[in-house]
Protein chains: 2
Amino acid sequence: MAGGVSNPLGLVVLAFLQERPMHPYELGRLLKARNKQESIKYRHASLYMVVKQLLRDGYIEPQETSRAGQLPERTVYALTPSGQEELTRQMRELVAVPAKEYPRFEAALALIVVLPPDDVAVLLGDRLEALERRIAELRERVRPSPDVEWVHKIEYEYELALAEAEQRYVARLRAQVASGDVGTLWSGLHPR
Amino acid sequence: MAGGVSNPLGLVVLAFLQERPMHPYELGRLLKARNKQESIKYRHASLYMVVKQLLRDGYIEPQETSRAGQLPERTVYALTPSGQEELTRQMRELVAVPAKEYPRFEAALALIVVLPPDDVAVLLGDRLEALERRIAELRERVRPSPDVEWVHKIEYEYELALAEAEQRYVARLRAQVASGDVGTLWSGLHPR
DNA sequence: TCTATCATGTAACCAGTTACATGATTTT
DNA sequence: AAAATCATGTAACTGGTTACATGATAGA
């Protein structure tokens, strides 16, 4: 009862168990099959850990332990009522209230004055290229297709929207920095 | 020599020490004074930890220990050549290559089918309101002013660009979900 | 039969957070 | 003189990661 999942991987477990009871390995397989590891960091050892935590906190419970062939025994877990409640509580909050995040690029921008403006212009060019490749990939992925429902690509739509915004911003910034319009403070730190 | 800073707070330390040698507490004060804790997560105990790590890895070294009045002694650290090199190496990489991030909202979208579409429409409305407040605040903050140089607000410009993109996306998504156009899969999971 | 990969975990390590501690200075 | 808060850390906890371990099955 440490108060809430707070870990996206724990949320996946609760969400998948809402469909049906499963054993940890199946959770991992499903996560990869549905490509959720693009949006939620997944390490298989972390999965066993969060399962243990969810168990400790009473959000899930062992339902049966089965054995297929000579493979090791495995424990099938099911969602408890408390876990069901926590799942919707947490999901509703994640959707309704924007969380404070700390993107690496934002941190880099906050410290950008340590690099000479001329270098930064070049580096931003590199970033632009990478962004364009990523955007092309995402556009491909969100293209409507008959065999994948729209709702299963919704997270890529979102990532695409953000990537495009970043692209526009970086392009503008690069132009400005390349033109030398960076203010006296920054240029003063890097005399020619 | 664990190979690289990898921690944004460590990067701040290196960046600030490039200006001049300082003791840990001063680093923290400066970080807050320059509002970097908006872009880089800061806990004062974490600061002491990363200082210890940077010391261990040879990126910084104690320069002198001074005492002011009856206050406890404090150690002033300076950047080593290796630290200088690591700073620019890491900064260049952060600027040039987009890092894979895992925003909470993206995770929530990836699992959105666990919530009923009607609820989601409402929750997205709440999010929109919060986003608008945040955007207003950021617009205020990036407004040109005589006493703060542009380059010191660059990270807010970036955050603003992303927030505006998210706002547009969420508005569109909310309209679509509210209109009931969510596909058979999602609506099938939540019968009326 | 050897190799790869599937399936299922455990253990040790490490980084970051929370909570605790303590004396100095300033405010009321 | 008491309370607040500034200044400077240390210690314990906890969560997540890396690395290790081990048997089963499938492919070459």
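Throughout, protein chains are lettered first and strands after them, A, B, ... in sequence-line order, and every chain is numbered starting at 1. Since this is a predicted model, take the numbers as computed values, not measurements.
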When rounded to whole Å, the CD to C1' distance for the pair A/Glu26 and C/dC6 reads 14 Å

Residues in ring-ring contact (aromatic ring centres under 6.0 Å, His included) contact with B/Tyr156, at least two apart in sequence or another chain:
none

Any A/Asn7 side-chain N or O less than 4.0 Å from OP1/OP2 of D/dG15
no

Quick note, A/His23 side chain, CB onward, closest among C/dT8, D/dC6, C/dG16 is C/dT8

Rounded to whole angstrom units, what separation is found between the CG atom of A/Leu54 and the P atom of D/dG16?
10 Å

Going by the salt bridge (charged side-chain N to carboxylate O under 4.0 Å, His left out) test, which pairs reach into residues 168-177 of chain B, not counting sequence neighbours?
A/Glu157-B/Arg172

Can you measure A/Leu27 atom CG to C/dC6 atom P for me and round it to whole angstrom units?
18 Å

Please enumerate all residues that pass side chain to side chain donor-acceptor pair (under 3.5 Å) together with A/Arg104, with sequence neighbours excluded.
none

Students should find that the hydrophobic cluster of A/Val97, defined by side-chain heavy atoms under 4.5 Å apart, otherwise consists of none

One thing to verify: whether B/Glu159 and B/Arg141 come together as a salt bridge, which I'm taking to mean a side-chain N less than 4.0 angstrom from a carboxylate O.
no

With sequence neighbours left out, which residue pairs that include part of residues 9-26 of chain B fulfil the salt bridge (charged side-chain N to carboxylate O under 4.0 Å, His left out) condition?
B/Glu19-B/Arg34, B/Arg20-B/Glu26

Within residues 34-53 of chain B: residues closer than 4.0 Å to DNA chain C (heavy atoms)
B/Lys41, B/Arg43, B/Ala45, B/Ser46, B/Met49, B/Gln53

Calculate the interatomic distance between A/Leu55 atom CG and C/dG9 atom C1'; express it in whole Å.
15 Å

If you compare every side-chain N and O of A/Tyr25 against the phosphate oxygens of C/dT8 (OP1, OP2), does one of them come in below 4.0 Å?
no

Gap between atoms CG and P, on B/Leu11 and C/dG16 respectively (whole Å):
13 Å

